[in-house]
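Whatever order the structure lists them in is the order used to number ligands and atoms, beginning at 1. Numbering of residues begins at 1 and proceeds along the displayed sequence. Just so you know, these numbers use all the heavy atoms, side chains as well, and skip hydrogens, waters and symmetry mates.
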Amino acid sequence: MGDYEPSLPVSEKSNPLTCDIDRASAESIVKMLHRCDVQMFQEESEGTYQRLLSDQVVKTLAEVAKRAELILKDPQDSLVVLSGCGTSGRLAFLIAARFNRALRQLKQNPVYSYIIAGGDRALLSSQEAPEDDPKLGMLSLKKVCEGKKRVLFVGISCGLSAPFVAGQLDFCLQHPEVYTPVLIGFNPAHQARDEAMPGCTFTFHSVVQRMQEHANAFLINPAVGPEAISGSSRMKGGSATKILLEVVLSAAQAAAFSRTPVTCNGIVQHIGAHKRTVDVTYSECEGIAALVEAAGRSLQGGGCVCYLGWGSLAVLSLMDASECNPTFGADYEDVRGFISGGYAELNINEGSLTSLGPDFCIAHEDFLHLLLPRLTDKDTVLLIYTHCDDVGDVLKLARRVREKMVNLHAFYHQADGDTSAALQQVSIHQSLFLYIYVSIYRSVYVFFLLQDDINKLCLSTLNITWPAAAMPFCRQNRTLSSVSVPQQWELSTKLVLNAVSTGAHILKGKIYQNHMIDVQVTNSKLYRRATRLLQRLSGRPGPQCEEALLKAIYQVEELTGDIPSCDITTHTHKARSRTKVVPAALVCLLTGCSLVEAESHLKQRPIIREAVEELL
Ligand code: F1P
């Protein structure tokens with residue numbers, strides 16, 4: 001047990017800063033998350049792994065930005081593809097969409113494409129199994145790149161572990177005349193996963209080694225420290241992915257269209273701006289904690305949490321909600337996201353997915369028809385927007401919600417109100433200046449009036465105020481400035497929503513110390529993590545833990561027939577329809593009881609942390 005952590009990759013280790021997060025108050029949880037997120041920007045010290053700001057990382061970021069710049073300047077038959085699984089794929093979508101939008105505003109053709117394992121439904125729900133399929137990864141890359149002569153491929157796997165991404169990277173390495181592969185992840189290269197993959201002669205580790213030897217392949221793999229909840233790479237892994245992609249692609253766009261060459265210094269500055277975003281966000285610790293508490297109370301009482309968002313912040317809320325199922329074994333109804341404008345606003349490859357069922361109904365209208373009639377004061381509704389969104393529409397929705405329930409909260413981003421500071425930045429003809437000044441003044445005034453009405457309807461309001469510079473010009477800022485306002489808002493929103501959903505599940509008792517006990521065992525990475533967790537908590541040897549896990553997955557008291565000889569894919573497929581497998585296996589290991597007894601023990605004690613603690 002003692003030596004199990006040193007052998008783990010950074011992304012799977014438990015974080016000493018959060019070892020008692022399961023007993024912390026909402027406010028302490030938020031403070032711990034802040035300390036963990038700050039670790040992303042820690043400098044490299046002797047004997048430690050390279051970090052976000054290490055020279056080598058910054059140099060590689062600059063080199064990749066220059067490759068992207070070449071494509072932007074000569075986009076004919078070229079593509080930049082961003083690809084990943086789970087959160088990594090969702091971020092690939094978010095960033096590709098934003099940078100394509102910026103290109104369209106410049107009257108350029110879009111060059112960015114995204115791939116997510118499991119297709120577009122994985123943007124909104126947990127589809128963990130396709131992540132294990134390297135061939136599927138390779139085929140989906142081939143399809144997206146059909147007919148292209150030059151492709152910059154960015155594969156993202158926070159743990160340097162997803163077979164889907166390994167298959168794509170291997171394909172790129174085999175076709176260097178077309179593909180330049182880039183890998184983003186947050187473990188040192190030697191910690192890349194070295195486990196055989198179905199139908200492959202390579203492992204993730206061997207692909208990384210080949211990339212290291214290849215002059216035309218790039219590895220961006222700073223360590224960002226262990227996650228606050230062990231292995232929850234949606235948190236820091238996701239935030240750091242977002243930062244890295246934005247830093248590279250913003251630098252490339254500025255170099256291609258604003259005659260601002262890519263420099264290491266520019267890259268360092270941009271990363272520093274993201275660090276400030278983290279600090280500004282967590283300076284509102286009390287407001288975030290109020291949301292964590294409200295959401296926690298709802299989940300504890302069997303209620304749900306609904307995010308109602310506008311624009312790209314709504315996309316982040318959809319992402320956060322979709323991650324609660326695999327991360328905490330939550331039901332899809334526990335935390336749900338909705339976006340103003342629905343699929344038309346989301347604009348995904350496969351169009352509307354509403355035909356897949358109610359879990360894929362994501363518009364505010366769907367919320368009003370399907371969910372609101374069922375909501376009570378036990379549930380929490382959170383409005384998520386910025387002062388650039390249609391605040392009148394926010395108010396309308398807030399009123400509809402308040403007719404039904406009181407537990408309504410708001411989270412919005414806004415400038416610090418100093419419009420003149422913003423205007424000083426613009427040098428234009430005076431009458432036009434005056435016109436803009438009056439328009440801005442009027443819109444700011446209207447915003448404050450509407451905002452005041454919204455505040456009165458809400459139990460709590462988290463308002464993050466950002467430096468005024470250029471703020472009122474949000475629409476223009478949705479373009480190419482190196483540290484654009486939407487990037488700040490988005491990162492800030494991601495941090496807050498991750499804190500809300502993680503904190504709420506901690507308060508619900510889903511976490512023991514800083515481990516997710518009720519993790520879904522739906523792919524090979526999660527299967528291995530579950531087995532390790534059982535080993536750690538029970539102190540029993542690995543094979544015994546795996547046996548207990550399999551019994552819980554297959555719901556049998558003895559492993560008979562061909563179960564032990566089946567591969568992990570079969571096990572994880574079976575586990576998709578099962579709940580509480582890891583807690584049940586743990587109870588069996590700790591007490592020696594039967595599976596039926598373990599399940600009844602858990603039924604009587606629905607708070608998993610308490611059920612486990614009682615036995616430890
Ligand atoms: C991909 C991923 C995570 C998800 C879960 C399963 O991880 O889908 O996004 O939260 O942990 O794995 P990675 O390939 O980016 O390491």
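- Residue Cys158 approaches ligand 1 through these ligand atoms, each under 4.0 Å from one of its heavy atoms: 13 (P), 14 (O), 15 (O), 16 (O).
- For atom 14 (O) of ligand 1, the closest heavy atom belonging to the protein is Ser157 OG, 2.8 Å.
- Heavy-atom contacts from other residues, nucleotides or ligands closer than 6.0 Å to NZ of Lys13 number more than 12.
- Using the six-membered ring where Trp is involved, Tyr282 and His34 have ring planes that are parallel, under 30° apart on the 30 and 60° scheme.
- By the 6.0 Å contact criterion, CD on Gln174 is enclosed, its count of non-hydrogen atoms from other residues, nucleotides or ligands being greater than 12.
- Just one residue in the list Ile220, Thr60, Leu169 forms a side-chain contact (heavy atoms from CB on, under 4.5 Å) with Val182, and that residue is Ile220.
- Taking every non-hydrogen atom of Ala162 and a distance limit under 4.0 Å, the qualifying atoms of ligand 1 come out as 14 (O).
- Residues Ser317 and Leu308 have side chains not in contact (no heavy-atom distance under 4.5 Å, counting atoms from C-beta outward).
- With hydrogens left out, the protein atom closest to atom 3 (C) of ligand 1 is Ser233 OG, 3.9 Å, a heavy atom.
- With Gly118, Ser11, Gly159 as candidates, the residue nearest to atom 16 (O) of ligand 1 on a non-hydrogen basis is Gly159.
- Those atoms of ligand 1 that come under 4.0 Å of a heavy atom in Gly86, given as number and element, are 8 (O), 9 (O).
- The closest side-chain donor-acceptor pair between Asp194 and Thr203 falls under 3.5 angstrom.
- The protein heavy atom nearest to atom 7 (O) of ligand 1 is Lys525 NZ, 2.9 Å.
- Between Arg51 and Glu44, no side-chain nitrogen of the basic residue sits less than 4.0 Å from a carboxylate oxygen of the acidic one, so the salt-bridge criterion is not met.
- Annotation for ligand 1: atoms under 4.0 Å from non-hydrogen atoms of Thr87 are 9 (O), 10 (O).
- Tyr179 and Phe171 have perpendicular rings, their planes meeting at more than 60° on a 0 to 90° scale where under 30° would count as parallel.
- Using cut-offs of 30° and 60° on the angle between ring planes, the pair His571 and Tyr527 is parallel.
- Using a 4.0 Å cut-off between heavy atoms, Glu323 makes no contact with ligand 1 at all.
- Of the possible polar contacts, one joining the Asn325 side chain to the Ala330 backbone as a donor-acceptor pair under 3.5 Å is found.
- Taking a 4.0 Å cut-off on heavy atoms, Cys85 registers as neighbouring ligand 1.
- For a threshold of 3.5 Å applied to N or O pairs, the pair formed by Glu131 and ligand 1 contains at least one separation below that value.
- Of the polar atoms of Leu526, none of the N or O atoms is found under 3.5 Å from an N or O of ligand 1, judged by distance alone.
- Within ligand 1, the atoms closer than 4.0 Å to a non-hydrogen atom of Ser88 are 15 (O), numbered from 1 in the order shown.
- Of all protein heavy atoms, the one closest to atom 5 (C) of ligand 1 is Glu128 OE1, 3.8 Å.
- For ligand 1, the polar-atom distance check against Arg234 finds no nitrogen or oxygen pair separated by under 3.5 Å.
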